There are 2 protein chains.
Amino acid sequence: MTGLPPSNRLPARQGLAVRFEQWSAEAFDASRCPVRGVLDRLGDKWSTLIVIALARRPHRFGEIRRAVPDISKRMLTQTLRDLERDGLISRQVFPTKPPSVEYRLTALGESLLEPLNALVAWAEANQARIGAARVAFDAAAAMTEAPLPGLEVGGR
Amino acid sequence: MTGLPPSNRLPARQGLAVRFEQWSAEAFDASRCPVRGVLDRLGDKWSTLIVIALARRPHRFGEIRRAVPDISKRMLTQTLRDLERDGLISRQVFPTKPPSVEYRLTALGESLLEPLNALVAWAEANQARIGAARVAFDAAAAMTEAPLPGLEVGGR
DNA sequence: ACAGATGGTCTCACTATGAGACCACGTCTT
DNA sequence: AAGACGTGGTCTCATAGTGAGACCATCTGT
């Protein structure tokens, strides 16, 4: 990531720029662009996590809950429904005694793994930089709020 | 996208799988994984849109609002602050008479364009499939709710 | 003199979210 | 035999997040 020559970035920038101009020009407003709908779904807090969990193998409802511990049943159900509605995962009920339900990625869902992997790799490679930026930003903000040095002892 | 051989998907799947196992194994719960923080920020409704807008060129506050029409001032301010805090964009105030403010991507922010472009390309390539899946799902759901054919005229 | 544009902040109402109770069913424990 | 537990959910309720729009100080144009 760090070793990439800058020339590798330009196509991405231009790719996005061209897309964006097309959206703006064709639809006249970006809000109606259909990619927005896709990005919004992917953009919610849990979709990507669930897709990543299912990337390993099919999971049952409770397994996903254990894999993503801080999701509530309510949101898990809802997000799974949304992902199923979008054709990214499939839901299969097994007539076992307490009926069990298995969720797995569809072909469409699997095709999402490529770009998602790129994003996760970026996040992993740059989380330290982002963390440092946050610390620096918060420190600067604290200085602006209370610009008297010597009175600041522990920060807040 | 459609023409990709399946073998191209496997590395992505395994890459995510391996990452996920490492998160689960090392931190013992996925909720503390730092990538989560990054993904959450990128996952909010507006961050990606703003980054995409800034991919073209630096924008002023009002320009971004015009580029992303359905964002409120409140959320625009907040999202810009967050992106700035994470070191993805920089904020520069010009001492013009009504002072103007320019936002631009930092090097870190530009490095995000590559994976983001991949994601947007995927969204663009698959939005039709997703739309079709939604229609199919809603139709199936309507059938389940009201399984009597002949009584359903217009649907709902 | 007054509207408009600049980049925000603040309040208020509405919506989305999380915590947890509840359900029907069957198995396991006591 | 009675009660606890696990299955996959749904439902309600309190709280958190969000969008709409008023408001602010300053300068420019008419």
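Just so we're clear, the structure is a prediction, and the values are computed from it rather than from any experiment. Just so it is clear: chains get the letters A, B, ... in the order the sequence lines come, proteins before strands, and each one is counted from 1.
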Exercise for the section: Output yes when A:Arg65 and A:Asp70 qualify as a salt bridge under the 4.0 Å nitrogen-oxygen rule, no when they do not. Expected result: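 So A:Arg65 does not pair with A:Asp70 through a salt bridge.
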Practice task
Flag the pair B:Arg57 and B:Glu63 as a salt bridge only when some basic side-chain nitrogen lies within less than 4.0 angstrom of an acidic carboxylate oxygen.
Solution key: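 Between B:Glu63 and B:Arg57 there is a salt bridge, with a charged N closer than 4.0 Å to a carboxylate O.
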Spacing between [X] atom [atom1] and [N] atom [atom2], to the nearest angstrom:
X	N	atom1	atom2	result
B:Phe94	C:dG7	CZ	P	11 Å
A:Ile71	C:dA16	CD1	C1'	14 Å
B:Asp70	D:dA20	CG	C1'	13 Å
B:Arg65	C:dG7	CZ	C1'	10 Å
B:Leu76	C:dT9	CG	P	11 Å
A:Tyr103	D:dG8	OH	P	8 Å
B:Asp44	D:dT18	CG	C1'	11 Å
A:Lys45	C:dT17	NZ	C1'	9 Å

Practice task
State whether the side chain of A:Thr106 and the backbone N or O of A:Gly87 hold a donor-acceptor pair below 3.5 Å, judged by distance alone.
Solution key: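 It does hold such a pair.
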Exercise for the section: Ignoring hydrogens and angles, tell me if any N or O in the side chain of B:Thr79 forms a donor-acceptor pair with the backbone of B:Ser47 under 3.5 Å. Expected result: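 No; zero donor-acceptor contacts below 3.5 Å.
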Can you check nucleotides 25-30 of chain C for protein contacts, nitrogen or oxygen pairs under 3.5 Å, and list what you find?
none

Practice task
Starting from the 5' end of DNA chain D, give me the residue, B:Trp46 or A:Arg81, whose nearest nucleotide shows up first.
Solution key: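 Between the two, 5'-proximity favours A:Arg81.
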Exercise for the section: Quick one: pull up CG in A:Leu116 and CG in A:Leu42 and give me the separation to the nearest 0.5 Å. Expected result: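 Result: 7.0 Å between the selected atoms.
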Problem - Inter-residue atom distance A:Phe61.CZ - A:Leu76.CG, 0.5 Å rounding - result: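 Rounded to the nearest 0.5 Å, the CZ-CG separation comes to 4.0 Å.
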Handout entry: Results of side-chain hydrogen bond (donor to acceptor under 3.5 Å, both in side chains) for A:Arg60 - residues two or more places apart only
Key =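 side-chain hydrogen bond (donor to acceptor under 3.5 Å, both in side chains) check on A:Arg60 returns nothing, list empty.
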Handout entry: Under the side chain to side chain contact (heavy atoms under 4.5 Å, CB included) test, residues paired with B:Ala133 that sit two or more places apart
Key =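 So B:Ala133 forms no side chain to side chain contact (heavy atoms under 4.5 Å, CB included) with any residue.
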Exercise for the section: Could you tell me which residues satisfy side chain to side chain contact (heavy atoms under 4.5 Å, CB included) with A:Arg74, sequence neighbours excluded, listed by chain and number? Expected result: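 Side chain to side chain contact (heavy atoms under 4.5 Å, CB included) list for A:Arg74, sorted by chain: A:Ser72, A:Gln78.
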Practice task
Find out whether B:Leu108 and A:Asn126 are in side-chain contact, i.e. whether some heavy atom of one side chain is under 4.5 Å from a heavy atom of the other.
Solution key: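 Side-chain contact under 4.5 Å: yes.
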Handout entry: Heavy-atom side-chain contact between B:Asp86 and A:Phe137 under 4.5 Å
Key =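 No, every pair of side-chain atoms sits at 4.5 Å or beyond.
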Handout entry: Strand contacts (DNA chain D) in residues 82-89 of chain B, 4.0 angstrom heavy-atom criterion
Key =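 Residues of residues 82-89 of chain B that come under 4.0 Å of DNA chain D do not exist, since none gets that close.
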For nucleotides 11-17 of chain D, list the nitrogen or oxygen atoms of the protein found under 3.5 Å from its nitrogen or oxygen atoms, one pair per line.
none

Handout entry: 5′-ward residue of the pair B:Thr77/B:Arg66 relative to DNA chain C
Key =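 It is B:Arg66, whose closest nucleotide lies nearer the 5' terminus.
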Handout entry: Position toward the 5' end of DNA chain C (nearest nucleotide), A:Gln78 or B:Glu63
Key =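 Counting from the 5' end, the first nearest nucleotide belongs to B:Glu63.
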